[in-house]
Amino acid sequence: MIKTNAIYQNRIQKVKTAANEKNVKSFWITKPENKFYVSGFQSSNYFILLTEDRNYLLTDFRYIESASRLKDTFEIVLISNEFTPCDFLRDHGEIGLGIEYKSITFDFYNDIIEKSAIKEVLPADNIIEKIRMIKEPEELLKIKQAAEIANQGFYHMLNYIETGLTEKEIAFELEFFMKRNGADDLAFDSIVASGERGSFPHAMPTDRKIQKGEFITLDFGAKVQGYCSDMTRTIGIGPLSAKQKDIYALVLEAQIKSLSQLKVGLKTSDIDKIARTIITDAGYGAYFGHGLGHGVGLEIHEAPTLNPSSAEVLDHNMVVTIEPGIYLPGDFGLRIEDLAVVTNSDIITLSSVEKELIIL
Ligand SMILES: [Mn+2]
């Protein structure tokens, strides 16, 4: 078992090397998932500064005791109204300060420029995100645990869903089940879309009641120690029309064939193309308006992305979703999503739940 400190020190070293390549000599980390990635620290108010030879973690009185356990890796700095992060930066971040443009407030940016001696900052977005694309064994384990809770949640719902229940009741039961069975949190707000609402790819659950003859799409995930899972299944409440069954079979074919090509060395856009070609050739290309998938980890949507214009190449131990869908406005919609680990041999699917059409 690798010591926890060693895991974070190893990540910090990787981050410093990558930052240095972008001339970032000191790196002010503010994005929550990136701070967590290099420290494992949980607090609503903390900052990290990595310089060439020092690591600082700044937090306030409420978290200072729990931060002390990180003192082998970080110098812990107490911040307050009297000694703000900007006061600290004035003394420590002057050379080549990198900040994450996408996760810093304009207010804080102004403070840095006006109150500290720093007159120039460098963009440091995506440095840590790129490292995070490749999951370490401990990360894979947590994602697998989160996926397994979601798998069990789906089976639970097969016994629970019946006509007359509302989308909100179904979402609540699913969320309650996942939390009762080991989820620290939900990976994201669950999507439950029934009937004609199924054509909204990201429908929030409503008071609409489930009826016979329609699809119901569940898109949900659990979170375990910070790591997300993501899966979607569409099930039918019988009887279904021939058109519903045909469209389901089409999406399933696109899902299975694109998933089967998820291998190290392939371009993400090529995986998207496999699914998109199948759906387009059947005449439904205009109704598949989103990308095929995305990376999953500390964030529910992270690099790499799989869409027609994405330029990443698949690599070992990336964790991605494969989730084609067809959405027919005013009629119905459906999506099938698996979470999978990229390898150069077998396809490791974390969503072990069957994909053949289930009709309740
Ligand atoms: Mn997804």
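Hydrogens, waters and symmetry mates play no part in the numbers below; they use all other heavy atoms, side chains included. When a ligand or atom number is given, it counts from 1 through the structure's own listing order.
Taking the six-membered ring for Trp and thresholds of 30 and 60 degrees, F108 and F47 have nearly parallel ring planes, at less than 30 degrees apart.
Ring to ring, Y56 and F88 are close: their centroids are under 6.0 angstrom apart.
Here the Mn ion (ligand 1) has protein N, O or S atoms under 2.8 Å from it, and they come to 4.
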| request: Could you go through the side chain to side chain contact (heavy atoms under 4.5 Å, CB included) check for S199 and L328 one step at a time? | output: CA-CA 5 Å; S199 70; L328 306 175; 5.5 Å; no

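Note on residues 309-344: pairs passing ring-ring contact (aromatic ring centres under 6.0 Å, His included), not counting sequence neighbours, are F215-F332, H290-Y327. A ring-ring contact (aromatic ring centres under 6.0 Å, His included) check over residues 120-162, counting only residues at least two apart or in different chains, returns the pairs H156-F177.
Remark: R180 pairs with no residue by the side-chain hydrogen bond (donor to acceptor under 3.5 Å, both in side chains) rule, at least two apart or across chains.
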